[in-house]
Every structure is written in C-alpha cells, then in structure tokens.
Q: 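Next up is a structure, given as structure tokens.
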Amino acid sequence: MMRIPPAAMIGLFFTGLYFFMAIFAPLISPYPMTEIVGDVWEPASSEHWLGTDNIGRDLLSRMIYGGRTTIFIATAATILSFSLGSILGFTAAVVGGWVDQAMSRFVDLIMSIPTLIFALVVLSVMPVTLLILILVMGLLDSTRVYRLARAVAVDINVMDFVEAAKLRGEGRRWIIFREILPNALSPLVAEMGLRFIFAVLFVSTLSFLGLGVQPPNADWGGIVKENKDGIVYGIPAALVPAVAIATLAISVNLVADWVLNRTTSLKGGRG
Amino acid sequence: MHPVLKLVAQRLALSTLLLLAASVLIFAGTTILPGDVAQNILGQSATPESLANLRKELGMDQPATTRYFNWLFGALQGDLGTALTNGRDIVESLSGRLKNTLFLAFWAAVVAVPLAIFLGLLAVRYRERWPDKLISAVTLASISVPEFLIGYVLMYYVGVKLGWAPTVSTIYDSMSLGEKLNAIALPVTVLTMVVLAHMMRMTRAAILNVMQSAYIETAELKGLTSFQVIARHAFPNAIAPVVNVVMLNLAYLVVGVVVVEVVFVYPGMGQYLVDHVAKRDVPVVQACGLIFAAVYIGLNMVADIVSILANPRLRHPK
C-alpha cells in the first residue's frame, strides 16, 4: 500500500483540478469566453462568481479557458523540450568526441544569454502564434534538459550492462533507447515537473508583457495584463489569474518533490 | 606567469569570446529567421515598391555578414544605430534608461545581499529546526510565484489599500535621492523577494558544505575556539561560493528587472525593450539584447574571477 504525504496530496488535488478544468473547459465554463455579459469590473456575485473583467466578460469563464491555454502551451513546450533535450543529451554522451563538444559548447552559448531576453529578441521578428510560442519556449528550455540528460547518461554509459550491449554489437539507437533511457528516466521525470513550472511562468510572463497569447484569446498572464489597470483603483481582478498561476506552480512542485523523494528512496537514497 | 593571473586572463578571454558569440546569436536570431522586418513595419497592405525602399533604407539589400560587421563595429564605437519607430539615436535614449535600471538593481542588491547572507547563516545555525524549515518552505513558494504576482499584491495592499508607497514608480533626474528611493520602494521590495529565497538557500548550502569538510573537524579537534575555526578556516573557504551565489543572483536580478519595470511603469531598459519588441523595432531590440547579455556574461565572469582569487589553494603555486 502506498502512503501519500499530505503535501503531495494537496499538490495532486490542485494539479488534477486544474488539468480537469483545462480539458473540459467548454463544458464547465458558465459563459462563452469572449462574450460581454455585464458591466465593467462587477464585483463577485451569484451570477458571476469571480465578477467581470475590464470590458465586462465573465472572469470565471475567462479563467477556465485561460487555464486551458496556459496548460496546453506549457505541456506542449515541456514535451518538446524533453524529447529534444534528452535525445540530444543521450546522443552527446554516447557518441562523445567532437559531436559532444560541439553540442555542449553551443548549449553553453545559448545559456549565456538570459532566456527571457533571448525569447524577446526572437519574438521581435517572428509572428506571435501558438506554434511559434511553443517552439521558442521548447527549444530554449531544451538546453537545460540537455545538460541534465547528458550528465545522467555519461554516468550510465560506463556501466557494465551498457558495455555488454556494446560488446554484443548493438547499435547506437539500441544503446540510447533500450539501455540508457529506462535507467535515466527517474531523474528526468522529477526534472519534468520543474520544467513544466518554468514553462507556465514563462508563457505567463510573455503574455503579461503582451508578447504571448494575443487577444481576444488569453492565458492567465494575458488576463493579468487586461485587468492590471484596475489595481490602482482598488479592483483586485488581476490578482485572480496571478494567484492561479502561483497555485498551479506550487502544486506541481509539491508533486515533483514527492516523485523525486520516492524514486530516490527506491534506490536507497540519492548517493 | 603566476597561475592565478593566468586563470584570470583565461576567464577574461573566454568571456569576451562568449560575448562575441552571443552578439552573433542575437544578430542571427533577428535576421535569419523567416520574419521580414520591412513587411512587419509596413503591414500586409504595403506595396512592393515601398517594401523595396524600406529594405534599402535598412540596409537589407546587403548580405547578412556585412550588416553584422557594420553593426558590431558600430556597437564597439558606441553607435547602436537609430530606432526605426521614431528615428532617434538609440544610445541617447538608452543611456538614461540604463542608468535608471542600474539604480533600481543596485538598491535591490543593497537590500537583498546582506539580508540573504544573514538569513542563510541563520538557517545554518538552526539547521533542521523551525527557522530552517520555514526558509525552505518560503523558497519553494517563491520559485513558483511569478514576479508580477508579488508586484501586484504589494501594489494592491501596500500601495492602494494602505497608501504607504506610490503605486507608479516614475522618477526624474530632478528628484532628490530621498524622493527617488520613495518612488522605487515597491519595485525594490519585489526584486528583493524574488532573489532573496534563492540566494538564502544557496548561501546555506555553500556554508554547510564548508562546515562539513574534514579540515573544519581537524581544526575543532586540535582545540581552536569556534571563532578561530570560523575566521581562519571556514570563512576563507566560504567566500568563493557565497560570492558566486551573489553574482548569479545579481545576474538574475538584471533579467527580473524587465517584468518589474513593466509592472511599476518604471522608465528603465526593460520597459524600453518590451515596448520595442511589440513595435518590432529590430535595431532597438538588438541593442537592448546585447546590453543585457553583456551585463549577464560580465556578472558571471566576475563571479568566476572572484572565486579564483578567493581560493586559498591557488595562492600557493607548487
């Protein structure tokens, strides 16, 4: 029987809740996303649970659809950065030599420019669409996955079972996917939670700066931007999506922490 | 040549090389990608003639390498070109804003660095007890919270509800230092909170690492007082990691400034960069990107050099 600590329970609950709302957004949300249903910045009421936004749209509905966009982009970017980063990292570790040197130095170079600044530079010439956002975020973040994957794979690459596979005459593809990948999975999965949080914060920041998801669609960062002018007049509508971002990130973090502790305790501690 | 000098020289050369490569990357990122600057400026309804004219004006008819070297040599001589949107000289518009950004980052560092080191030491002193656990929990929360949430929460409660500090941080050259500090009180608080937890945790790890080494145990066993142990053995070895932590976080501060400036409408470089990304003003974006990258690489270099200089093992060549 598996015992789940309370912190992880809370994390699982909120993560599940947000993902559930994201998947079933059209069924759950009480109003359409872009329809004006009331006055500007109405306070919370029985009709509008979270009140209305800066042009009179139902805030709860926008939050639900916004969460869907945020989670979709963050998930897609995480999957991209993971597949790309780990495959390249494993390849670098297995092939070694100048291939490893070239890829690692290039990653060093990309990481020498702050991610946000690099993304802003690239987005200044690219059309801002969902696909471009996912690509830019996924590619920039894959550098961090690459470093971890390479470090883990370098260790595994010298183990006896990999040596045995090489002596058996297995090809590189077998070594990477059948020998290294299964053994490198647990540190990578724990890292996945952190990368997902990073992606959530990153897309929210970009949208908050007006360079992410474009209106009338909005993710949580975009909803903060739309309602930020209300803050000065004492209207807290902008705090709602900001709090949602924070709770999602903290919940995923709690789950990732738990997974990390569990996987490392299976192997009798983290070294 | 003394080995320390040699290492420092290596770092300097490496950082210069890195900056050069970063400038290539920034230039390439805005040039090779499929987006067409001229098309973006004029919009979809532009005629082919006006597009061709604008391209010529921007020097787009020349090969990319020529444009890169023109840009690079211009930048080295302090000429970053003119902004597309208003035709003003970029260096002129930037210098005042860079000063404002550094002013903000400087005061955030002045508050955050001593506080983080002090709290880090506190966590080491009360290891595994409640102050330490509290610090860990706060760290977990703070890496999950976007900067703009801290910013707006503070603005809403401290600025609007309590009215203790101005919600919009406009500063002018004519303001006195006290007025300026009052204006940037909220952004400085936000930046401090953003870097504090991380810096605290890394300081804690660095000092714990030193305190657990064998030479500290030897020093204790040979009967030195705890003050002597810290002053002679722990402190010299902890300088390098702690300075490293501080520098890495200052580098992070420079980037965090972008969002915080937008939240508080502060007239700094971050705001300037974001505005011009939205307007697709490529020369300004390239210039800002280069300056941010230079500051970031520079701070990382200083961190490396300080840890070389502070390493007692390198001071006595074999």
Side-chain angles (χ1 to χ4, degrees), chain A residues 7 105-106 108-128 132 136 194 197-198 200-202 204-206 208-211 220-221 224-225 227-228 230-239 241-254 257, chain B residues 15 18-19 21-22 24-26 29-37 40 140-141 143-153 155-156 159-161 167-168 251-252 254-256 258-259 262-263 270 273-282 284-286 288-290 292-293 295-297 300:
Chain A
R105 293 296 82 77
F106 186 66
D108 286 350
L109 170 61
I110 292 184
M111 288 176 82
S112 75
I113 303 175
T115 318
L116 180 64
I117 304 294
F118 201 44
L120 289 181
V121 167
V122 172
L123 288 176
S124 71
V125 288
M126 303 285 271
V128 183
I132 298 280
V136 169
L194 295 182
I197 295 167
F198 183 80
V200 168
L201 294 180
F202 199 52
S204 305
T205 302
L206 284 177
F208 168 71
L209 296 175
L211 305 164
W220 285 341
V224 175
K225 179 188 165 67
N227 294 298
K228 67 178 179 184
I231 293 276
V232 187
Y233 307 110
I235 297 154
L239 298 184
V243 169
I245 296 165
T247 45
L248 174 65
I250 292 175
S251 324
V252 174
N253 218 329
L254 290 173
D257 244 25
Chain B
S15 300
L18 202 56
L19 186 57
V24 174
L25 210 57
I26 289 172
T30 50
T31 309
I32 296 171
L33 291 169
D36 181 346
V37 183
N40 282 330
L140 174 71
I143 57 168
S144 313
V145 173
E147 288 102 345
F148 52 81
L149 171 63
I150 307 180
Y152 283 124
V153 167
M155 195 195 267
Y156 184 69
V160 179
K161 293 279 167 181
T167 50
V168 173
Y252 184 78
V254 172
V255 184
V258 174
V259 175
V262 173
V263 170
L273 171 60
V274 170
D275 279 352
H276 286 82
V277 170
K279 290 179 195 157
R280 299 182 174 281
D281 193 333
V282 176
V284 176
V285 175
Q286 286 171 336
C288 291
L290 191 65
F292 273 116
V295 173
Y296 193 75
I297 292 173
N300 277 304

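This structure is a prediction, so every number in the text was calculated from the model and none was measured. Per chain, numbering begins at 1; letters A, B, ... match sequence-line order.
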Q: Which residue in the set Val262(B), Val258(B), Val259(B) passes side chain to side chain contact (heavy atoms under 4.5 Å, CB included) when paired with Thr205(A)?
A: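 It is Val259(B); the other options fail the test.
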
Q: Pro146(B), Ala278(B), Ala293(B), Cys288(B): which one forms the most heavy-atom pairs within less than 4.5 Å of chain A?
A: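 Winner by heavy-atom pair count: Pro146(B).
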
Q: Is Val121(A) in contact with chain B via its backbone, its side chain, both, or neither, using a 4.5 Å heavy-atom distance?
A: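 Both backbone and side chain.
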
Q: Quick check on Leu209(A) against chain B: is it the side chain, the backbone, both or neither that has a heavy atom closer than 4.5 Å?
A: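 Its backbone and side chain both get close to chain B.
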
Q: With chain B, which of Ile250(A), Val128(A), Leu194(A), Leu116(A) has the greatest number of heavy-atom pairs at distances under 4.5 Å?
A: Ile250(A)

Q: Closest heavy-atom contact between Gly289(B) and Ile117(A)?
A: CA-CG2, 3.9 Å

Q: Using the six-membered ring wherever Trp is involved, compare the ring planes of Phe208(A) and Tyr152(B) and label them parallel, tilted or perpendicular (cut-offs 30° and 60°).
A: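 Judged by the thresholds at 30° and 60°, the geometry between Phe208(A) and Tyr152(B) is perpendicular.
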
Q: Non-hydrogen atoms of chain B under 4.5 Å away: do they reach the side chain of Leu254(A), the backbone, both or neither?
A: side chain

Q: Let's test your reading of the structure: which of Asp108(A), Ile245(A), Ile197(A) forms the most heavy-atom pairs below 4.5 Å with chain B?
A: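 Option with the top pair count is Ile245(A).
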
Q: Could you look at Val252(A) and say if it's the side chain, the backbone, both or neither that has a heavy atom under 4.5 Å from chain B?
A: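 Contact with chain B involves no heavy atom of Val252(A) at all.
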
Q: What part of Val200(A) gets within 4.5 angstrom of chain B, counting heavy atoms only: side chain, backbone, both, or neither?
A: neither

Q: Please flag which part of Tyr296(B) lies under 4.5 Å from any non-hydrogen atom of chain A: side chain, backbone, both or neither.
A: side chain

Q: Name the region of Leu120(A), side chain, backbone, both or neither, that has any atom closer than 4.5 Å to a heavy atom of chain B.
A: both

Q: For Leu273(B), is it the side chain, the backbone, both or neither that has a heavy atom under 4.5 Å from a heavy atom of chain A?
A: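 For Leu273(B), the side chain is the part near chain A, not the backbone.
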
Q: Name the region of Phe202(A), side chain, backbone, both or neither, that has any atom closer than 4.5 Å to a heavy atom of chain B.
A: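 Contact with chain B: none, neither part.
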
Q: Please determine, among Ala249(A), Ala246(A), Ser112(A), Ser204(A), the option with the most heavy-atom pairs under 4.5 Å with chain B.
A: Ser112(A)

Q: Please name the pair of heavy atoms, one in Gly29(B) and one in Val125(A), separated by the smallest distance, quoted to 0.1 Å.
A: O-CG2, 3.6 Å

Q: Of all heavy-atom pairs between Leu149(B) and Leu239(A), which one has the smallest distance, and what is that distance?
A: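 Closest approach of Leu149(B) to Leu239(A), heavy atoms only: CD1-O, 4.4 Å.
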
Q: Taking all heavy atoms of Ile26(B) and all of Ile113(A), pick out the closest pair and write down the distance.
A: CG1-CD1, 4.0 Å

